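Written below as structure tokens is the structure these notes are about.
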There are 2 protein chains.
Amino acid sequence: MYVARAGLTPDRLAQAGAELADEIGFEKVTASALARHFGVQVASLYSHVRNTHDLKVRIGTLALAEMAGNAATALAGRSGRDALAALGNVYRDYARAHPGRYAAAQIRFTPEEAATTAGPRLSEMTRAVLRGYDLNDEDQVHAVRLLGSIFHGFVSLEQGGSFDHSTPASEQSWIRILDSLDATLRTWPCQ
Amino acid sequence: MYVARAGLTPDRLAQAGAELADEIGFEKVTASALARHFGVQVASLYSHVRNTHDLKVRIGTLALAEMAGNAATALAGRSGRDALAALGNVYRDYARAHPGRYAAAQIRFTPEEAATTAGPRLSEMTRAVLRGYDLNDEDQVHAVRLLGSIFHGFVSLEQGGSFDHSTPASEQSWIRILDSLDATLRTWPCQ
DNA sequence: ACGTTTGCCTAAACCCTTTAGGCAAAGGAA
DNA sequence: TTCCTTTGCCTAAAGGGTTTAGGCAAACGT
């Protein structure tokens with residue numbers, strides 16, 4: 001016995017799941033919680049998503065797409081250290097504004113899932129930053145991996161509170177790290 | 001109706017949980033799975049750990065202690081780039097050999113939990129590496145955070161398969177990244 | 001041998017996931 | 001409009017995982 005249709009769709013579930021993730025934590029986003037949010041029975045969700053893993057993949061995909069979009073905007077008209085900082089801040093700001101979504105973006109995708117996400121677009125943004133530095137093709141791969149490691153590592157540790165119990169504030173370290181990364185990329189071919 | 005006591009203790013549960021985590025994944029380590037492993041009823045575990053979060057914290061603590069121990073061994077008699085690579089390889093090798101334990105070490109500890117873990121000991125190992133470079137106190141904090149970010153970020157992305165779909169092998173990037181990190185630390189004060 | 005402590009048990013309540021099958025609303029065609 | 005099809009959400013039920021309460025018997029100190 002119900003009043004009206006809730007209008008569920010896979011995208012709407014992913015969107016609501018993303019919002020819920022930011023509020024209560026990605027690992028607490030369950031089919032039950034989402035069903036409560038829409039005021040429907042849990043089983044109803046299964047007409048729109050295959051299972052909870054499917055739901056989580058959709059949330060992660062949404063997050064990656066948002067990050068790639070933010071990156072495209074942030075990188076427009078920037079190059080060099082400016083672009084480097086802009087991309088780093090996309091990661092960091094996104095993780096701070098949307099911790100649940102950021103966590104969702106870190107789930108392990110299968111190869112076919114990964115191909116359909118905006119992950120490749122985000123890699124492309126990283127390569128765009130590196131165009132401001134003089135790297136050959138192989139070094140560019142290493143540099144993409146270096147940037148990904150630092151951005152993800154820093155954001156992940158900062159998010160986990162690892163930097164909370166020492167001074168100065170992590171902001172200071174972030175600036176210094178961007179500086180040193182810029183220096184590294186400028187002198188990379190010298191190795 | 002049972003035959004003999006299983007000899008459960010908090011430490012034994014954490015140890016078995018750690019092994020289970022490496023076999024089936026940390027997120028699949030449940031009280032149920034652990035009880036099955038020991039051939040006891042699920043409720044029996046609750047005499048030894050408060051709840052599943054307590055169990056996970058114990059597994060994470062065990063992992064951090066093992067990593068800190070490995071680091072102490074690896075750093076003995078090394079300095080400079082040699083020590084840097086040794087510490088990085090402790091992270092990387094541990095994550096590869098014990099993915100479940102490594103995941104357990106990443107859970108968010110409360111401040112009082114964090115104080116009792118080997119996390120501080122691992123930070124101390126990082127500072128030991130930095131003694132081979134000429135950094136003032138504040139720069140040392142930034143450098144500790146940089147090392148933590150890179151090591152954790154690289155290992156985490158490599159573990160997640162992010163480097164699987166491009167060449168060359170991640171091993172090459174790892175070496176280049178250690179090299180550039182060494183160069184960064186050697187010239188850090190020049191900024 | 002005896003009392004106390006300790007370890008594991010059964011039972012039960014609660015929540016989350018997933019599948020199967022059903023009814024009624026929405027939407028298209030005559 | 002009426003009829004038919006599709007679609008959306010429902011109920012029901014089975015299967016796990018978590019956690020608490022209370023009980024019995026083994027282990028242990030004396």
Side-chain angles (χ1 to χ4, degrees), chain A residues 1-62 100 103-104 107-110 113, chain B residues 1-62 100 103-104 107-110 113:
Chain A
M1 185 229 269
Y2 64 76
V3 188
R5 297 195 173 187
L8 304 182
T9 65
D11 281 355
R12 232 181 273 262
L13 289 177
Q15 185 64 45
E19 288 161 16
L20 206 55
D22 290 335
E23 289 167 22
I24 65 175
F26 181 57
E27 74 290 340
K28 295 211 181 77
V29 175
T30 63
S32 295
L34 211 49
R36 270 193 296 277
H37 175 267
F38 280 102
V40 300
Q41 295 296 313
V42 183
S44 303
L45 305 189
Y46 285 81
S47 303
H48 305 278
V49 294
R50 235 196 313 283
N51 48 40
T52 52
H53 179 252
D54 181 24
L55 174 66
K56 288 177 179 182
V57 167
R58 285 172 192 274
I59 298 174
T61 300
L62 183 156
I107 61 172
R108 195 170 186 155
F109 295 98
T110 67
E113 284 166 358
Chain B
M1 184 228 268
Y2 64 77
V3 188
R5 297 196 174 186
L8 304 182
T9 65
D11 281 355
R12 233 181 273 259
L13 289 178
Q15 184 65 44
E19 288 161 16
L20 207 54
D22 291 335
E23 289 167 23
I24 64 175
F26 181 56
E27 73 289 343
K28 294 212 181 77
V29 175
T30 63
S32 295
L34 212 50
R36 271 193 296 277
H37 174 267
F38 280 103
V40 301
Q41 296 296 313
V42 182
S44 303
L45 305 189
Y46 286 80
S47 304
H48 305 278
V49 294
R50 236 194 313 280
N51 48 40
T52 53
H53 179 252
D54 181 23
L55 174 65
K56 289 177 178 181
V57 167
R58 285 172 191 275
I59 297 174
T61 300
L62 182 155
I107 61 173
R108 195 168 186 155
F109 295 99
T110 67
E113 283 167 356

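Naming convention: chains lettered A, B, ... in sequence-line order (proteins, then strands); numbering from 1 in each chain. Here the structure is a predicted model, which means the values were calculated and not measured.
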Query - Contact under 4.0 Å: A/T30 side-chain N or O vs C/dC15 OP1/OP2 - result: no
Report summary line: From NZ of B/K28 across to P of C/dC16 the rounded distance in Å is 20 Å
**Report entry** Qualifying residue, where the test is side-chain contact (heavy atoms from CB on, under 4.5 Å) with B/V29 and the options are B/D22, B/T52, B/I59
**Finding:** B/I59
**Report entry** Spacing of A/E27 atom CD relative to C/dT17 atom P, expressed in whole Å
**Finding:** 13 Å
Query - A/D54 (side chain) donor-acceptor with A/V49 (main chain) under 3.5 angstrom - result: no
Query raised in the report: Does B/S47 place a side-chain N or O at less than 4.0 Å from the phosphate oxygens OP1/OP2 of C/dT6?
Result: no
Requested in this report: Quick one: do B/F109 and B/T61 satisfy side-chain contact (heavy atoms from CB on, under 4.5 Å)? Show the steps, please.
Outcome: CA-CA 9 Å; B/F109 295 99; B/T61 300; 4.0 Å; yes
Between N or O atoms, less than 3.5 Å apart, protein on one side and nucleotides 19-23 of chain D on the other: list the pairs.
residue, atom, partner, partner atom, Å
D/dT19, OP2, B/Y46, OH, 2.9
D/dT19, OP2, B/T52, N, 2.9
D/dT19, OP2, B/T52, OG1, 3.4

Query raised in the report: In whole angstroms, how far is the C1' atom of C/dG7 from the CD atom of B/Q41?
Result: 13 Å
Report summary line: Rounded to whole Å, the CG-C1' distance (B/L13 to D/dT18) equals 15 Å
Query raised in the report: Phosphate oxygens OP1/OP2 of D/dC10: is one of them under 4.0 Å from a side-chain N or O of A/S44?
Result: yes
Query raised in the report: So how far is it from A/I24 CD1 to A/E19 CD, rounded to the nearest 0.5 Å?
Result: 12.0 Å
Query raised in the report: Can any side-chain N or O of B/R12 pair as donor or acceptor with the backbone N or O of B/G7 at less than 3.5 Å?
Result: yes
Requested in this report: Verify the contact: side-chain N or O of B/R12 to OP1 or OP2 of C/dG7, cut-off strictly under 4.0 Å; return yes or no.
Outcome: no
Requested in this report: Assess whether side-chain contact (heavy atoms from CB on, under 4.5 Å) is satisfied between B/L13 and B/L45, documenting all intermediate values.
Outcome: CA-CA 8 Å; B/L13 289 178; B/L45 305 189; 3.7 Å; yes
**Report entry** Length of the NZ-P vector between B/K56 and D/dG17, whole Å
**Finding:** 12 Å
Query raised in the report: Under 4.0 Å: is that the gap between some side-chain N or O of B/H48 and OP1 or OP2 of C/dC8?
Result: yes
Report task. For side-chain contact (heavy atoms from CB on, under 4.5 Å), just list the numbers for B/R36 and B/Q41, CA-CA rounded to whole Å, side-chain angles, deciding distance to a tenth of an Å, and then say yes or no. Result -> CA-CA 8 Å; B/R36 271 193 296 277; B/Q41 296 296 313; over 6 Å; no
Query raised in the report: How close or far is atom C1' of C/dT18 from atom CG of A/L34, stated in whole angstroms?
Result: 16 Å
Query raised in the report: To the side chain of B/V40, which of C/dC8, D/dT18, D/dC9 is closest?
Result: C/dC8
